[in-house]
Protein chains: 2
Amino acid sequence: MPVTIRDVARQAGVSVKTVSRVINGDGPVREATRQRVQAVIEALHYRPNAVARSLVTRRTMALGLLIADVINPFFPEVVRGVEDAAKVAGYTVLLGNTDEDPVQEERYLALMQERQVDGLVLSGSRAEEEVLRQAADSGFWMALINRAVHHPRILSILVDNADATAQATSYLIQKGHRRIAYLLGPSRAEAARLRFEGYRRALREHGIPFRPAYVVQEIPRIEGGRKAMRTLLALPSPPTAVVAYNDLMAIGAIEAVQEAGGRVPDDVAVIGFDDILLAAYTIPPLTTVRVPKYEMGYKAAAALIDTIKIGRTSPRVVRFKGKIVVRGSA
Amino acid sequence: MPVTIRDVARQAGVSVKTVSRVINGDGPVREATRQRVQAVIEALHYRPNAVARSLVTRRTMALGLLIADVINPFFPEVVRGVEDAAKVAGYTVLLGNTDEDPVQEERYLALMQERQVDGLVLSGSRAEEEVLRQAADSGFWMALINRAVHHPRILSILVDNADATAQATSYLIQKGHRRIAYLLGPSRAEAARLRFEGYRRALREHGIPFRPAYVVQEIPRIEGGRKAMRTLLALPSPPTAVVAYNDLMAIGAIEAVQEAGGRVPDDVAVIGFDDILLAAYTIPPLTTVRVPKYEMGYKAAAALIDTIKIGRTSPRVVRFKGKIVVRGSA
DNA sequence: TCGAAAAATGACAACGTTGTCATATGCCGG
DNA sequence: CCGGCATATGACAACGTTGTCATTTTTCGA
C-alpha cells in the first residue's frame, strides 16, 4: 500500500537504481531525468523506507541514549545536548531509562544492539565494566558520560569530579568550617567515588582529620539527602557544613536542617553538585558546582559520531571543568 | 562479520526457518531441536537483526515521541510515562525536540515516517492541523497530548484545561480578589486557548468585567512571565492577583513582583499551571494546578499501542483532571 | 561522419529476516 | 508392520533499498 521506489521508477519510466541515485544525489543523472523523477516523487508523496536502506547500508543513522532517569533534573540537559548533536549530523536518538539498575542497563544494551544503532551514549551507567567492554569488543561504539573505561571503542566524557569537590570543600574550610560532613552518592557510580576523594583530599591538604562518622551514604535524591542530614544532626557534635554528592541530596539536607529548626547557612552550610535548575530556587538558593551538562551531552554525541565516521576514537577522553557557583547556602 | 541466523542454522544443522521458529517461539519445534538451536545461539552470542525483521514484518516496534523541549520541566515526566508504557509493550522510543516550531515538527514527522515507527506521540504539538491530518490519512497512528484533532487515526489525551483554570480563577475571586490578570501562553497552543477561556468564564460567572489590559501574552518561560508581570505592574491600577498559563510564567511573575519590592501573595497573588518540580521550591512555594504529566504520557503510549494492535482508536479521547495544589503564592 | 571516451542508465544480487507452502518425519491404531 | 494423520522441518520468495558491474547513450575531437 505505501509508495515504494519501484512505484516511482515505473511512473517516471526509469529504473529503480536511477530513482535511488536521484534520492541520494550520488552517481550521475541527467538533469532532465532528475527533474522528471523528482516530480514523480513529489506527486506520489514518496518517502524512502529507512529500514530497507539500513539493511543494505548496514547503518541506521541512529544513536542509542541510555540515562538513569529523565525525571532526575540532571539528565534533561544531557539528553538535549545529545539530541542536538545527533540532529546536526542527521542521526536519530533512541532513548532508554535504566534507573541506575545494571540489569535494566544490560537489557537495553542488548536491545540497542539488536536495533543496530550506530553508537551508544551512556549517562549514569552502572553496568559492570566487563559488560561494556564486551559490547565494545563486539564492534559497538560507545560514549560514556561521567565514567571512564579504557577501550579502543569507548569514549569518555568527564568532569573533574575530584578537583571540583576539593575546591568546594576548600571553600568551606576557608570560610572557617572545620566540622565538614560528606553526603555520599551511589557507590557503583564512579563519579561518586571521585567526588568523595576530592572531599578527602581537601581535608588532608588543610590538615583537617577525616571523621568517618561525617560520611553518610544514601540514595542520591532529595529524600536521601534529608535522611542523611537527620543522621548527621543526631551526632553528638554535628557538622557545621555539608558537601553533598549532588544537588538533590543537598536540597534534602537543607530541608532537614530547617525542619530541625536550624538555619542555612548560619547553622549548617550546604554545598551541592551539578547546578540543576532547582538549585537557583531553593531557600536559600544553593551554592553548588556547575557541571556543563548540555555541553557534555553534545560533545558525547558529536565525538561519538566523529569516531564512528573515522573508525577510531580520537581523542579517547574529553574533560570538562566544574565551576563553583556561590549562592546563599554556603 | 556479525553472526546471522544463517550462521546459527549451519552450526546447528537446521534450516534458517527453524532457527527463526525457535527465536520467535512460533510454529512447532521438537524439544531436542529447540535446545540444540538455543545452545548454538548462546554459543555464538547471536542477536537477531531488528532491522531485517522489521523490513519483512512491516513493524518496527518503535514509537516516535515528539516534545517541545526536554529541558522544559513539563516534559520529562511525560517522556518517562511514554517510555514506561512503551517498554512494557516491547516498544522502543525515538525522541525528538521540536521547540514549539511547526517547521521542525513537520521535519520530524517526515523523519519518523521514513523510519517507519509504528506510532507517534506528540506533546506540545504546534503543527498545522492539516499536516497532522495528512500524516494520519497516510496511515500513521498518533496520540496527541493536550491537543484535540478529530480523526479516526488520532487519539487525544487531554486535561480539563478550561475547567481547571476556571477553578483556579474562582479560588482567587473567593479570596476577595477582583483585579485578576492573566498571563497568556503561545497562541498556537490549543491548551493556551482553553485555559484562557476558563479564566474568562470564571470572571463572567462571578460578574467581574473582563479587562483586556489585564491579559499579557509572552513566551511561556520564566523570562516571559517576568516581562509580562513588569508590564502589568506598570499599569495605573495593577492587578492584585495573576493566573499564569504555566508554572514557569508564574515563577517569572513572582520574581518580577519581588524585584519591584512587592510581596507574594500579600501584594500580588500568583497561581500557576502544571505543578512542575520547581513549583514546590520557589519563594513562596507556588500555588498551581497539578497536571498528571506522567500518567498522561503513559496513557498516551499505552492507548496508542492498543490502538495500533486492534487497528482502530477506541476510545478516541481520554480526559484527565487537573487539581489545585494550594501552596504559598495564593 | 566516425570512433573512442565519458556519461547515463539498468539488471541483478544482496542485506537478514519471516511468510507461504510443500515435504519429510514420527506416531498410533489396527 | 502398515496406512493415515499430525507434527516437524525446509526451500524459496519476499520485504524495499543500495552496490556492482554491464550496457546503452551521449559527447566530442579528428
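Letters A, B, ... are given to chains in the order of the sequence lines, protein chains preceding strands, and every chain is numbered from 1.
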For the atom pair CD (A:E129) and CD1 (A:I154), what is the distance rounded to the nearest 0.5 Å?
7.5 Å
Sugar-phosphate means primed atoms, P, OP1 and OP2; the rest is base. With that split, encode nucleotides 7-13 of chain D 5' to 3' as B, S or - using protein heavy atoms under 4.0 Å.
-BBBB--
Short of 4.0 Å, heavy atom to strand atom, which residues of residues 42-54 of chain A count as contacting DNA chain C?
none
Whole angstroms only, please: what is the CG-P distance between B:D26 and C:dT17?
15 Å
Got more than 12 heavy atoms from elsewhere within 6.0 Å of CD, A:E128?
no
Rounded at 0.5 Å granularity, tell me how far CG in A:L120 sits from CZ in A:F140.
5.0 Å
Difference in axis direction between the ends of the helix from C:dT1-D:dA30 to C:dG30-D:dC1, five pairs, 10°:
30°
What pair of heavy atoms forms the shortest contact from A:N146 to A:A191, and how long is it?
OD1-CB, 3.8 Å
The criterion is side-chain contact (heavy atoms from CB on, under 4.5 Å); which residues satisfy it with B:A39, sequence neighbours excluded?
none
Heavy-atom count check: over 12 atoms from other residues, nucleotides or ligands less than 6.0 Å from A:R188 CZ?
yes
Can you name the side chain to side chain donor-acceptor pair (under 3.5 Å) partners of B:D306, sequence neighbours left out?
none
Contact between B:M112 and B:L66 at the side-chain level, heavy atoms closer than 4.5 Å - yes or no?
yes
Which heavy atom in B:M296 sits nearest to a heavy atom in B:L158, and how many Å separate them?
CE-C, 3.8 Å
In whole angstroms, how far is the P atom of D:dA14 from the CG atom of A:L55?
17 Å
Set out, in order, the CA-CA distance, both residues' side-chain angles and the distance that settles salt bridge (Lys or Arg N to Asp or Glu O under 4.0 Å) for A:R80 and A:D84, then state yes or no.
CA-CA 6 Å; A:R80 187 66 207 253; A:D84 284 357; 3.0 Å; yes
Nucleotide C:dG16, atom P - distance to CG of B:N24 in whole Å:
17 Å
Taking all non-hydrogen atoms of both residues, which atom of A:P186 and which atom of A:P220 are closest, and how far apart?
CD-CG, 3.8 Å
Considering all heavy atoms of both residues, which atom of A:I145 and which atom of A:G297 are nearest to each other, and what is their separation?
CD1-CA, 4.0 Å
Of the residues in residues 56-64 of chain B, which ones touch DNA chain D at a heavy-atom distance under 4.0 Å?
B:V56, B:R58
